[in-house]
Protein chains: 2
Amino acid sequence: MSSLDETDVRILERLAENAREPFARIGEAVDLSGPAVSDRVQRLQEAGIIRQFTVDVDRGQLRAGVPVLVELTVEPGALDETVDRLRGAEAVEHVFETADGTVLAHARLERGKVREWIESTADADVLRGYDVRLVERVEWSPSVGGTEFALTCVECGNTVTNEGETERIDGTIYHFCCPSCHSRFRERYETFEEGAT
Amino acid sequence: MSSLDETDVRILERLAENAREPFARIGEAVDLSGPAVSDRVQRLQEAGIIRQFTVDVDRGQLRAGVPVLVELTVEPGALDETVDRLRGAEAVEHVFETADGTVLAHARLERGKVREWIESTADADVLRGYDVRLVERVEWSPSVGGTEFALTCVECGNTVTNEGETERIDGTIYHFCCPSCHSRFRERYETFEEGAT
DNA sequence: CCTGAAAAATTACGTGA
DNA sequence: TCACGTAATTTTTCAGG
């Protein structure tokens, strides 16, 4: 288990561009057989690197409101809650949480009902202010592109190599660079769990 | 050609959630045969509503820089050029152009090299200023969700019904509500083309 | 990870509402 | 025009090495 090699990245790039390309053809491009590509894709899914197969829908052609960027300033403690609520809201396409504590949502809203939407979506008690901007155009590059690619250990932050380990806990996948990080994380997690009960 | 019905939207929703669900099973859910679903998906692709089949990659697990939101203020005339350049840049995942003339890019950059990146990516001559914010978290909802769904005529903005027409010009698909909008758009487009030569 | 066979899914095509 | 069945083709999955 673990550590992406260059072949994995190339497979991801091709799938990002066309998720329906047959594994055999991807295989030709990366010098692998079809089944071998299939195996890798499955591993990438299990490792949580491929979250899902999906379609990119051109919402510009479907009018369900006006595309806007809403910037919300909320109480510091309510960031997670706000992001979760926004993510669940129907008209929202993306949510960004920045390090300075603001949340940006890219959504399609009915003209003139923006304020109403914000008040019903974000908790009024924690909302300090907001700013809305019309979006003229959106471009999305599903490309994987980049130079460095490596998994990072959730315990120590180091790169995960072939000696690494992976575990799924409560539906989330965690990567570790070594058994000791793995067990340390696990201990902390279990303590945390007990505390929560 | 033209106009999405409720079945199309349900198909889109399912594909957005899992683009690998067999057409036959989607068909069961929407009361259609497998081939019928296949036909509709093909039409949705030809109409440009499905832009592409892709995978949602968890980039949080791949470290290739720090995720940031860069807000660029550029000369009004250079907006398109800036968006295009950003879209082409490797590390960029999203680009938003807002109505007030700023451009936001969501990218993964190397720490400490942000200024350098901006200067090499955006044309320095048109750049008036920028602002960078660290991104803590990103959520993407590929769901189609929404209430109103209809194609809009690129010429007059009205809803495109069954009488509508569709044409692919230079790789882009345009929808029209009626033949007269179609020919009017086409005239304007041709005039524009001549001017460009 | 490969090859080769079985299983499954997709597409093509003729027909009918 | 749209959808259905059936058949042909492609793609994926599963063995064994």
Side-chain angles (χ1 to χ4, degrees), chain A residues 1-47 49-57 149 161-164 166, chain B residues 1-57 149-151 153 159-168 173 175-179 182:
Chain A
M1 264 289 132
S2 290
S3 138
L4 287 310
D5 61 14
E6 212 232 318
T7 306
D8 288 317
V9 176
R10 283 169 69 197
I11 292 172
L12 283 175
E13 275 168 358
R14 291 189 84 102
L15 285 177
E17 206 169 295
N18 174 16
R20 294 211 137 189
E21 181 171 27
F23 291 162
R25 189 129 46 85
I26 297 177
E28 273 176 45
V30 302
D31 268 319
L32 242 58
S33 70
V37 175
S38 174
D39 285 351
R40 279 173 183 256
V41 170
Q42 203 167 346
R43 244 181 298 137
L44 289 167
Q45 279 190 272
E46 279 162 10
I49 291 162
I50 293 178
R51 282 216 200 91
Q52 60 177 347
F53 286 78
T54 185
V55 287
D56 180 17
V57 174
F149 279 99
T161 66
N162 291 344
E163 284 90 55
T166 299
Chain B
M1 266 292 127
S2 291
S3 137
L4 289 300
D5 60 15
E6 210 233 319
T7 306
D8 288 318
V9 176
R10 283 169 68 197
I11 292 173
L12 284 175
E13 275 168 357
R14 291 189 84 102
L15 285 177
E17 207 169 295
N18 175 17
R20 296 213 137 186
E21 182 170 26
F23 291 163
R25 189 127 47 85
I26 297 177
E28 275 176 43
V30 302
D31 268 319
L32 240 58
S33 69
V37 175
S38 173
D39 285 349
R40 280 176 182 256
V41 170
Q42 203 166 347
R43 245 180 294 137
L44 289 167
Q45 280 190 272
E46 278 162 12
I49 292 162
I50 293 178
R51 282 216 201 93
Q52 59 177 348
F53 285 78
T54 186
V55 286
D56 179 16
V57 174
F149 279 98
L151 292 172
C153 175
T159 300
V160 176
T161 66
N162 291 343
E163 283 91 56
E165 301 185 357
T166 299
E167 190 186 359
R168 180 189 291 262
I173 287 140
H175 301 282
F176 308 94
C177 66
C178 58
H182 188 169

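Letters A, B, ... mirror the listed sequences (proteins, then strands); counts begin at 1.
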Contact pattern, 5' to 3', of nucleotides 12-17 of chain C - B, S or - by protein heavy atom under 4.0 Å: B-----

Look at A:Ser38 and D:dT13 and indicate whether a side-chain polar atom (N or O) is within less than 4.0 Å of OP1 or OP2. yes

Please report the end-to-end axis angle for the helix from C:dC1-D:dG17 to C:dA17-D:dT1, five pairs per end, rounded to 10 degrees. 30°

Below 4.0 angstrom, which residues in residues 24-34 of chain A have at least one non-hydrogen atom near DNA chain C? A:Asp31, A:Leu32, A:Ser33

Separation between CD of B:Glu17 and CD of B:Glu13, rounded to the nearest 0.5 Å: 8.5 Å

About how many Å separate CD1 of B:Ile50 and CG of B:Leu44, when rounded to the nearest 0.5 Å? 4.5 Å

Roughly how many Å is it from CD in B:Gln45 to C1' in C:dT11, rounded to a whole number? 13 Å

If you only use heavy atoms from C-beta on, which nucleotide in D:dC2, C:dC1, C:dT10 is closest to the side chain of B:Arg40? D:dC2

Rounded distance in Å - CZ (A:Phe23) to P (C:dC2): 15 Å

Closest to the B:Arg43 side chain, choosing from D:dA3, D:dT13, C:dC2: D:dA3

Quick check for you: among D:dT12, C:dC2, C:dA9, whose closest atom lies nearest to any side-chain atom of B:Arg20? D:dT12

Round to the nearest Å and state the distance from A:Glu21 atom CD to D:dT10 atom P. 16 Å

Please name the pair of heavy atoms, one in A:Leu32 and one in A:Arg40, separated by the smallest distance, quoted to 0.1 Å. CD2-NE, 3.5 Å

In a table with atom names and distances, give each donor-acceptor pair under 3.5 Å that connects a side chain of residues 20-30 of chain B to protein atoms at least two apart or in another chain.
from, atom 1, to, atom 2, distance (Å)
B:Glu21, OE1, B:Arg14, NE, 3.1
B:Glu21, OE2, B:Arg14, NH2, 3.0

